[in-house]
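Inspection log for the structure reproduced underneath, given as structure tokens.
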Amino acid sequence: MNRAALLVLADGRFPAGGHAHSGGAESAVRAGRIHDAPSLAAFCRGRLHTTGLTAAALAAAAAGGLDPLELDEAADARTPSPALRATARKLGRQLMRAARATWPGGELDALAAARPRGAHQPVVLGLTARSAGLGPEDAAYCAGYETVSGPATAAVRLLSLDPFEATAVLARLAPELDRVAGRAAELAGRAVREGLDVLPAASAPLLDITAEAHAGWPVRLFAS
């Protein structure tokens, strides 16, 4: 395994556009649900075990060689919010550009041609991991980490939260990220044998509702 590639892919400086998105944290801050480090930790934990698990399993399945077009349809079915579907495809399109420049490959080219407006980001992430020589569990770790690192980074800007506190939140979530990534990889392996219906469809309805409201805000710091 080319584990150094995992560091590049998970690095927040990788030009995939994620810095412009808060993962729902901007809405949660405005509503008062995130106001300090403990409430940020609670938000990130909930996101990790719901939408994070779903994204990690989709990424692991793509890295494991399942049909990315079928996975993209599965991702659509697991994303009820139109605003979040649009965000996922925009982020997928941006990640695809960076991935094809960094780890070019025929599978990435084929998906880009089939989904010119963008495939769902976790699917692109998994295919990117595969192109970089990484495995399903690596892809699951990367997807899971993005689920919590985005809101943590956004909270620093939105609340002027101490960056040390935000980093501590991520560090303390590490054991749970291990479990989520392992579970996601396990389910992706089962999907190879049993079909895509075994992939998780865990959701966070409040994130869906607030994403729709956030999309209509006339002034906002983050795109989502």
Side-chain angles (χ1 to χ4, degrees), residues 1-19 21 23 48 51-75 78 88-116 118-150 153 170-171 173-196 198-200:
M1 289 292 180
N2 181 13
R3 289 297 170 86
L6 180 59
L7 300 178
V8 176
L9 186 56
D11 193 326
R13 292 164 293 188
F14 191 73
H19 65 279
H21 298 264
L48 175 63
T51 58
L53 174 62
T54 300
L58 289 165
L66 273 72
D67 185 342
L69 295 179
E70 292 183 3
L71 287 170
D72 191 54
E73 293 177 359
R78 288 161 171 76
R89 291 192 178 281
K90 180 178 181 180
L91 285 170
R93 185 170 66 250
Q94 292 172 317
L95 174 57
M96 179 66 80
R97 291 181 60 194
R100 293 173 75 191
T102 309
W103 298 290
E107 290 180 316
L108 288 170
D109 291 342
L111 181 57
R115 294 287 189 271
H120 277 258
Q121 194 267 359
V123 178
V124 179
L125 177 60
L127 208 59
T128 300
R130 181 176 171 86
S131 188
L134 299 170
E137 192 165 7
D138 296 313
Y141 265 105
C142 194
Y145 180 69
E146 286 184 349
T147 298
V148 294
S149 63
T153 301
L170 297 178
L173 284 171
E176 293 180 60
L177 176 56
D178 285 339
R179 291 192 290 273
V180 166
R183 178 62 174 160
E186 175 194 347
L187 291 169
R190 283 183 55 195
V192 174
R193 303 184 299 272
E194 302 174 31
L196 299 187
V198 305
L199 293 177

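In this text, all values refer to a predicted model and were calculated from it rather than measured experimentally.
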Looking only at heavy atoms, the pair that brings P200 and L187 closest together is CD-CD1, 3.6 Å
Which pair of non-hydrogen atoms, one from A56 and one from A143, has the smallest distance, and what is that distance? CA-CB, 3.7 Å
Rounded to the nearest 0.5 Å, how far does CD of E176 lie from CZ of R179? 5.5 Å
Point-to-point distance, once rounded to the nearest 0.5 Å, from OH of Y145 to CG of L173: 10.5 Å
Residue pair L196 / L71: nearest heavy atoms and the distance that separates them: CD2-CD2, 3.7 Å
Using the rule given for side chain to side chain contact (heavy atoms under 4.5 Å, CB included), can you reason through L9 versus L125, listing the C-alpha separation, both sets of side-chain angles and the distance that settles it, and then say yes or no? CA-CA 9 Å; L9 186 56; L125 177 60; 3.7 Å; yes
Minimum heavy-atom distance L58-A75, with the two atoms named: CD1-CB, 3.8 Å
Can you tell me how far the CG atom of L170 sits from the OG1 atom of T153, to the nearest 0.5 Å? 7.0 Å
Answer yes or no: is there a side-chain heavy-atom contact under 4.5 Å between Y141 and L134? no
Can you check whether G126's main-chain N or O pairs, donor with acceptor, with R130's side chain at less than 3.5 Å? no
Nearest-0.5 Å distance that lies between atom NZ in K90 and atom NE2 in H21: 5.0 Å
May I ask you to test the L69-E73 pair for a side-chain heavy-atom distance under 4.5 Å? no
Is the backbone N or O of G92 less than 3.5 Å from a side-chain atom of R115, with the two atoms forming a donor-acceptor pair by type? no
Any chance you could measure T128, atom OG1, to Q121, atom CD, to the nearest 0.5 Å? 8.5 Å
State, to 0.1 Å, how close H120 and D72 come at their nearest heavy-atom pair, and which atoms those are. N-OD1, 2.7 Å
Counting only heavy atoms not in R97 (residues, nucleotides, ligands), do more than 12 fall under 6.0 Å from its CZ? no
Minimum heavy-atom distance between P15 and A98, given as atom pair plus value: O-CB, 3.5 Å
Output for pair (D138 CG, L7 CG), nearest 0.5 Å, gives 10.0 Å
